[in-house]
Amino acid sequence: MAQSTSPHSFLPLPPAAFNILLSLADGEKHGYAIMLDVEASTGGQMRLGPGTLYGNIKRLLESGLIEETDERPDPALDDERRRYYRLASLGRRVLKAEAERLEAQVALARARAVLGGEAR
Amino acid sequence: MNTAPRRPVQLYRALLAAYPREFRGEYGAAMQQLFVDQYRRARTPGERTALWLRTLADTAMAAISEWLKAWRTAPPAARLVRAAGILFIIGGIFVPLAWWLGTLRPSFDYPYRYQPFVQDVLAPALFMAALTAFTGGAICLLLGMWPAANGHQRLALLSSALGSTASIVGWGALGLQLGDSWWSFAMGGLTLFFLGVLWAGLAADARNPLPHAPGAWVLAGLWIPVSALAGAVYEMVTGRWLDGPDWVFGLALMLTSLGMLWVGRGLAQMPVQAARAQDGGDA
């Protein structure tokens with residue numbers, strides 16, 4: 001069902017959802033790892049609390065953009081309450097489409113000298 | 001692995017009660033684990049205070065968002081039943097608050113100080129708002145439960161809805177000083193409402209969608225019977241009506257409010273699958 005959905009139907013993504021997908025782009029992670037990664041990648045500007053993070057994860061799961069995985073890197077070192085997530089193929093396409101949309105926006109801002117570029 | 005800090009975890013677990021039951025059941029343990037990870041990372045009292053402030057804000061925003069989403073995705077009957085729960089909770093908070101503002105509050109001041117705004121405006125407004133919430137709750141519950149409710153429950157909820165409406169009219173007329181005869185109308189309506197709640201709860205059976213907590217419904221319906229009994233006993237012993245120990249009335253009211261909050265909480269968190277049955281699944 002989700003596979004036949006156009007990635008563009010999900011755009012624009014809410015910032016929290018975009019950053020969660022971006023965090024999962026380089027491999028599966030659990031909630032806390034996603035939270036730390038988002039915080040680091042946004043320079044501390046976006047701090048996802050447990051409610052916001054899992055609310056977004058729930059909707060991304062329901063939309064088929066991410067998947068929960070049972071595989072654990074090292075079960076002996078890990079708490080069983082941690083849940084791991086990875087990007088689904090639809091999620092990767094949606095992430096790409098959103099990144100391209102944002103890139104186009106940035107290019108427009110650059111063209112209009114908002115980012116210090118020269119206006120054409 | 002480090003052990004989890006006990007007190008903060010208990011507090012956070014209490015905060016999780018703000019989320020809808022389905023969401024909490026699915027993600028509560030993972031959210032708690034994430035909070036524990038965050039708490040371990042915060043080392044100084046300042047960092048922990050900041051974490052608590054962020055967590056409180058996050059819980060408030062995310063819980064409201066999840067309730068709204070649960071509301072939008074729930075079947076119509078479940079929405080009505082949940083709305084009834086929320087209205088009962090509002091009424092269960094407002095009634096004792098109105099009573100406290102109207103009767104107890106001035107007695108804290110000595111010498112006695114009359115507070116016209118609190119006693120003549122705020123307390124009656126809260127009381128009328130509570131009655132309106134009860135009326136709305138009874139109507140929502142009646143409509144939401146109608147397909148699955150048994151005959152007793154339909155009649156009980158109908159009497160509750162009519163009773164609280166009559167009570168609003170009675171108290172309104174008393175407030176407008178239309179005559180003391182409205183007192184019996186106001187109290188009669190209130191009695192009908194609470195006895196209806198009691199009856200609806202006691203008429204619960206395995207097929208109906210009410211939360212299975214008969215104690216809550218009994219507690220909710222106690223105000224009028226307990227107050228009347230206490231008044232009668234007091235009159236027999238002292239020869240006077242309940243003019244002195246109005247704390248008995250207040251205590252009964254507190255029990256009733258507790259019951260209404262309990263009933264409301266059960267209805268507001270009623271599992272969606274139970275409500276789906278009402279929408280025609282088990283008809």
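By convention in this document, chain letters (A, B, ...) are assigned in the order of the sequence lines, proteins followed by strands, and residues within each chain are numbered from 1. Basis for what follows: all heavy atoms, side chains included, without hydrogens, waters or symmetry-related copies.
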Verdict with supporting geometry, A:Met35 and B:Gln38, side-chain contact (heavy atoms from CB on, under 4.5 Å): CA-CA 10 Å; A:Met35 195 207 77; B:Gln38 284 182 302; 3.2 Å; yes
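- For B:Arg41 and A:Glu39, the salt-bridge test passes: some basic side-chain N is under 4.0 Å from an acidic carboxylate O.
- Using modelled atom types, no side-chain atom of B:Asp58 and backbone atom of A:Leu48 make a donor-acceptor pair closer than 3.5 Å.
- For the pair A:Leu61 and B:Tyr27, the tightest heavy-atom approach, listed with the atom from each and the gap, is CD1-OH, 3.4 Å.
- Residue A:Ile34: no heavy atom, backbone or side chain, is found under 4.5 Å from chain B.
- No salt bridge links A:Glu62 with B:Lys69; every basic N to acidic carboxylate O contact stays at or beyond 4.0 Å.
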side-chain contact (heavy atoms from CB on, under 4.5 Å) between B:Glu66 and A:Lys58, intermediate numbers included: CA-CA 10 Å; B:Glu66 291 308 321; A:Lys58 177 177 181 247; 3.9 Å; yes
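- Atom CZ of residue A:Arg47 and atom OG1 of residue B:Thr55 lie 10.5 Å apart, to the nearest 0.5 angstrom.
- Residues A:Gly51 and B:Met31 approach most closely at CA-CE, 3.6 Å, considering heavy atoms.
- Options B:Ala30, B:Ala57, B:Ala62, B:Ala63 differ in how many heavy-atom pairs under 4.5 Å they form with chain A, and the most are formed by B:Ala30.
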Step-by-step side-chain contact (heavy atoms from CB on, under 4.5 Å) determination, B:Val36 to A:Tyr32: CA-CA 10 Å; B:Val36 168; A:Tyr32 185 53; over 6 Å; no
